[in-house]
Amino acid sequence: MHMNNKSHRVLPGFGLSLGYTLVYLSLLVLIPLSALLLKAGSLSFSEFWKIATAPQALSSYRVTFGSSFAAALINAFFGLIVAWVLVRYPFPGKRFVDALVDLPFALPTAVAGITLATIYAGNGWIGRHLEPFGIQIAYTPNGIVVALAFISLPFVVRTLQPVIEDIEAEVEEAAAMLGATRWQTFARVIFPAIFPALLTGFTLAFSRAIGEFGSVIFIAGNMPMVSEITPLLIISKLEQQDVVGATALAVVMLVISFIMLLTINMLQWWAANRHKGART
Amino acid sequence: MKAHRANAEPRWVRLLLTGIALGFLGLFLGLPLIAVFIEALAAGVPAYLAALADSEARHAIMLTLLIALIVLPFNILFGVAAAWAIARFEFRGKSLLVTLIDLPFAVSPVVAGMLFILLFGARGLFGPWLSDHDFRIIFAVPGMVLATMFITFPFVARELIPLMQSQGKDEEEAAVSLGASGWQMFWRVTLPNIKWGLLYGVILANARAMGEFGAVSVVSGHIRGETNTLPLHVEILYNEYNAVGAFAAASVLALLALVTLVAKSIVEWRMQKETEMLEASLPPEKTE
């Protein structure tokens, strides 16, 4: 099928397209990123470490990663149910519901932020019903989890849908014929098949959530040491002209982003190759 | 299909799961969407229209459109070029390049905005040179354009690379070996093949470009009537406790989101149809 030897390069435009790609990528992404590293390089390691592990920074990591993890868990649970229902069960208005799942990708985060803050405030549509039970969402760390769960919801659903579609009916039938109950079939056959995708979706949601800013600041309350996320701490350092402090925190975020990106690539590779292994 | 039914879950489980899924989506996604419009109209239609006719709101809308209009052509051109190079040729470092293209998705918008402050801000690398030449990038529109470009950088390329890889290069090679020039091949073969995928990427990139908050917020300086996009305008009004104004502006963005979702669904449907048609028409073509 593949004749990718250089001698077979009949198609034109390789130099032009690759050249443009590399120039644009360098100007827009690579050079700005190296500016950050260059700036960070002006710090000694002990200075960097001191800023990166200051109490306010540590508490912002706790808030950011804790809330993102909780949001991704919520999405993994409900996302699995939503994806399953969308693929397997017929119901009226399914196409509409399927399109609605992408709303968080299409809705600007600031809009999500002010709307969620309004709904989950003590006098809001949902907050009003939670307040009697002593549950406060808006302007507490809980609000951050809600906002992050909202903006990262589509990742799990969209990653799972094609994988659930691909499960072959024969596999489930075989399990049923061998005497498995439906639950056993799910736990032992279906779940292991979709687990890599679930984990990928979880990681995508988590990685999107840790960088999120727009939706969170409206609902978080933004109290230092309590409900202040790392991106907000970076901005407040920038506003105080503390570029060095902001740079150190940005480097921390960037390193974590890279690790997440690598993890996602590895998960996707794992998911793809497992699939191949099962087929051959 | 019947095979599925034979070993499907009991009816009550199906109803329960469907109920949970729809309840969750309704409460979590549907309710906020409705709330935007209800809050925007809370003080009546005249107040809503007045909030949108406000000169700062109109300026914010125009600036949002302007930034998207500048950013999209660059990213479309990049997306097509990157997809052509990656999907049609083999070269060393290709998987690294694909990873690097994804990079802006992984970077926090706030960090993205900050990158341009480090380059072009008053105390940035090129800051002194820029102020000598009386040219502002940060706290001005050029910086907002750059930040938006960075954020929406991968969208078109990400749609086109897998699409073009799956289509293969047979058709284009045929066109070239039959004597088509590079541009003829591109306009007559490549572009018709990728047009829906391209449009899909543009729709996503556009939604993000118009709705971006974090990155633009960092570089904009929040100068009212000058460097306020619609999302930033929403923030300012909301922080001034002008709920009607904030939600009126938000409702415009929510409408944009709805248009995006509809356009996306239509394009998805067209792409699906096209693949089905292609699959149906391929075997006879090959025998000819």
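Quick note: numbers below take in every heavy atom, side chains included, and nothing from hydrogens, waters or symmetry partners. Since this is a predicted model, take the numbers as computed values, not measurements. To find a chain, count down the sequence lines: A is the first, B the second, and so on, and within it residues start at 1.
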Looking at every heavy atom in both A/Thr21 and B/Ala81, which two are closest together, and how far apart are they? OG1-C, 3.5 Å

Smallest separation among heavy atoms of B/Arg123 and A/Gln241, with atom names: NH2-O, 3.0 Å

Below 4.5 Å, heavy-atom pairs only: which of A/Trp125, A/Trp183, A/Tyr120 has the largest tally toward chain B? A/Trp125

Let me know if B/Ile38 has heavy atoms under 4.5 Å from chain A in its side chain, its backbone, both or neither. side chain

Return the option, out of A/Ala35, A/Gly211, A/Gly79, with the maximum number of heavy-atom pairs under 4.5 Å with chain B. A/Gly211

Got a second to check how far B/Leu27's CG is from A/Phe78's CZ, nearest 0.5 Å? 9.5 Å

Spacing of B/Arg208 atom CZ and A/Phe105 atom CZ [to the nearest 0.5 Å]: 9.5 Å

Honestly, the part of B/Phe28 sitting under 4.5 Å from a heavy atom of chain A is both

Under a 4.5 Å heavy-atom cutoff, which of B/Leu256, B/Leu230, B/Leu29, B/Val218 has the most pairs with chain A? B/Leu29

Enter the distance from A/Ile74:CD1 to B/Phe24:CZ here, rounded to the nearest 0.5 Å. 7.5 Å

Which region of B/Val36, side chain (C-beta onward) or backbone (N, CA, C, O), has a non-hydrogen atom less than 4.5 Å from a non-hydrogen atom of chain A, or is it both or neither? both

For the residue pair A/Phe218 and B/Tyr238, does the interplanar ring angle fall in the parallel (under 30°), tilted (30 to 60°) or perpendicular (over 60°) class? perpendicular

Would you name the heavy atoms of A/Pro231 and B/Val110 that are closest together and state the gap between them? O-CG1, 3.6 Å

Return the NZ to CG distance between A/Lys94 and B/Leu22, rounded to the nearest 0.5 Å. 10.5 Å

Who wins among B/Ala112, B/Gly182, B/Ala207, B/Ala82 for the most heavy-atom pairs under 4.5 Å with chain A? B/Ala82

Nearest heavy-atom pair of B/Ala106 and A/Ser257: which atoms, and what distance? O-OG, 3.0 Å

Of the listed A/Leu107, A/Leu204, A/Leu25, the one with the largest count of heavy-atom pairs under 4.5 Å with chain B is A/Leu25

Looking at A/Ala149, A/Ala112, A/Gly113, which one has more heavy-atom pairs under 4.5 Å with chain B than the rest? A/Ala149

Portion of B/Leu232 that has a non-hydrogen atom of chain A nearer than 4.5 angstrom: neither

Evaluate the criterion ring pair (Phe, Tyr, Trp, His ring centres under 6.0 Å) for residue pair B/Phe153 and A/Tyr24; output intermediate values, then yes/no. CA-CA 10 Å; B/Phe153 177 81; A/Tyr24 192 63; 5.7 Å; yes

The interface call for A/Asn265 against chain B, heavy-atom contacts under 4.5 Å, is side chain

Which bit of B/Leu17 is near chain A, if near means a heavy-atom gap under 4.5 Å: side chain, backbone, both or neither? both

With chain A, the option among B/Leu204, B/Ile20, B/Val234, B/Leu253 that has the most non-hydrogen atom pairs under 4.5 Å is B/Leu253

Nearest 0.5 Å please: distance from the CG atom of B/Leu97 over to the CG atom of A/Leu18. 6.5 Å

Do B/Leu118 and A/Pro32 have side chains that approach each other closer than 4.5 Å (heavy atoms only, starting at C-beta)? no

I need the residue from A/Val82, A/Thr109, A/Ile114 with the largest number of non-hydrogen atom pairs under 4.5 Å to chain B. A/Ile114

To the closest 0.5 Å, what do you measure between CZ (A/Phe14) and CZ (B/Phe91)? 5.5 Å

Got a sec: does the CD of B/Glu268 have more than 12 other heavy atoms crowding it under 6.0 Å? yes

Full working for side-chain contact (heavy atoms from CB on, under 4.5 Å) between A/Phe186 and B/Glu9: CA-CA 10 Å; A/Phe186 178 80; B/Glu9 293 77 38; 6.0 Å; no

Determine, step by step, whether A/Phe258 and B/Thr99 satisfy the side-chain contact (heavy atoms from CB on, under 4.5 Å) criterion, reporting the C-alpha distance in whole Å, the side-chain angles of both residues, the deciding distance to 0.1 Å, and the verdict. CA-CA 10 Å; A/Phe258 287 162; B/Thr99 309; over 6 Å; no

Between A/Trp84 and chain B, with a heavy-atom cut-off of 4.5 Å, which part of the residue counts as in contact: side chain, backbone, both or neither? side chain

By a 4.5 Å heavy-atom criterion (distance strictly below it), what part of A/Ile234 contacts chain B: side chain, backbone, both, or neither? side chain

Would you please test B/Glu235 and A/Ile217 for side-chain contact (heavy atoms from CB on, under 4.5 Å) and show each step? CA-CA 10 Å; B/Glu235 182 200 19; A/Ile217 52 159; 3.9 Å; yes

Interface moiety of A/Leu116 toward chain B, non-hydrogen atoms closer than 4.5 Å: side chain

Between B/Val107, B/Leu25, B/Leu125, B/Val176, the one whose heavy-atom pairs under 4.5 Å with chain A are most numerous: B/Leu25

Of the backbone (N, CA, C, O) and the side chain (C-beta and beyond), which part of B/Pro104 lies under 4.5 Å from a heavy atom of chain A, both, or neither? side chain

Does atom CZ of B/Phe74 have more than 12 heavy-atom neighbours from other groups under 6.0 Å away? no

With a 4.5 angstrom heavy-atom cut-off, is it the side chain or the backbone of A/Val101 that approaches chain B, or both, or neither? both

Which of the residues B/Val262, B/Ile117, B/Leu77, B/Thr260 is involved in the greatest number of heavy-atom pairs with chain A at under 4.5 angstrom? B/Leu77

So what's closer than 4.5 Å to chain B heavy atoms on A/Leu38: side chain, backbone, both or neither? side chain

Please flag which part of A/Leu30 lies under 4.5 Å from any non-hydrogen atom of chain B: side chain, backbone, both or neither. side chain

Mind checking whether A/Leu11 and B/Met185 have side chains closer than 4.5 Å, heavy atoms only? yes

Of the listed residues (B/Met210, B/Met149, B/Glu39, B/Glu212), which shares the most heavy-atom pairs with chain A below a 4.5 Å separation? B/Met149

Check whether A/Ala83 gets within reach of chain B through its side chain, its backbone, both or neither, counting any heavy atom under 4.5 Å. neither

What residue, out of A/Thr230, A/Thr247, A/Ile31, has the most heavy-atom pairs lying under 4.5 Å from chain B? A/Thr247

Honestly, the part of A/Val23 sitting under 4.5 Å from a heavy atom of chain B is neither

With a 4.5 angstrom heavy-atom cut-off, which part of A/Leu86 approaches chain B: side chain, backbone, both or neither? neither

Determine whether B/Leu100 and A/Val29 satisfy the following criterion, side-chain contact (heavy atoms from CB on, under 4.5 Å), listing intermediate values before the conclusion. CA-CA 9 Å; B/Leu100 288 177; A/Val29 180; over 6 Å; no

Nearest heavy-atom pair of B/Gly214 and A/Phe213: which atoms, and what distance? CA-CD2, 3.6 Å

Per-residue contact mode, A/Leu33 against chain B (heavy atom under 4.5 angstrom): both

What part of A/Phe91 is in contact with chain B, defined as an atom under 4.5 angstrom from a non-hydrogen atom: side chain, backbone, both or neither? side chain

A/Glu170 versus chain B, heavy atoms under 4.5 Å apart: side chain, backbone, both or neither? neither

Looking at every heavy atom in both B/Ala35 and A/Ile119, which two are closest together, and how far apart are they? CB-CD1, 3.8 Å

Between A/Phe96 and chain B, with a heavy-atom cut-off of 4.5 Å, which part of the residue counts as in contact: side chain, backbone, both or neither? neither

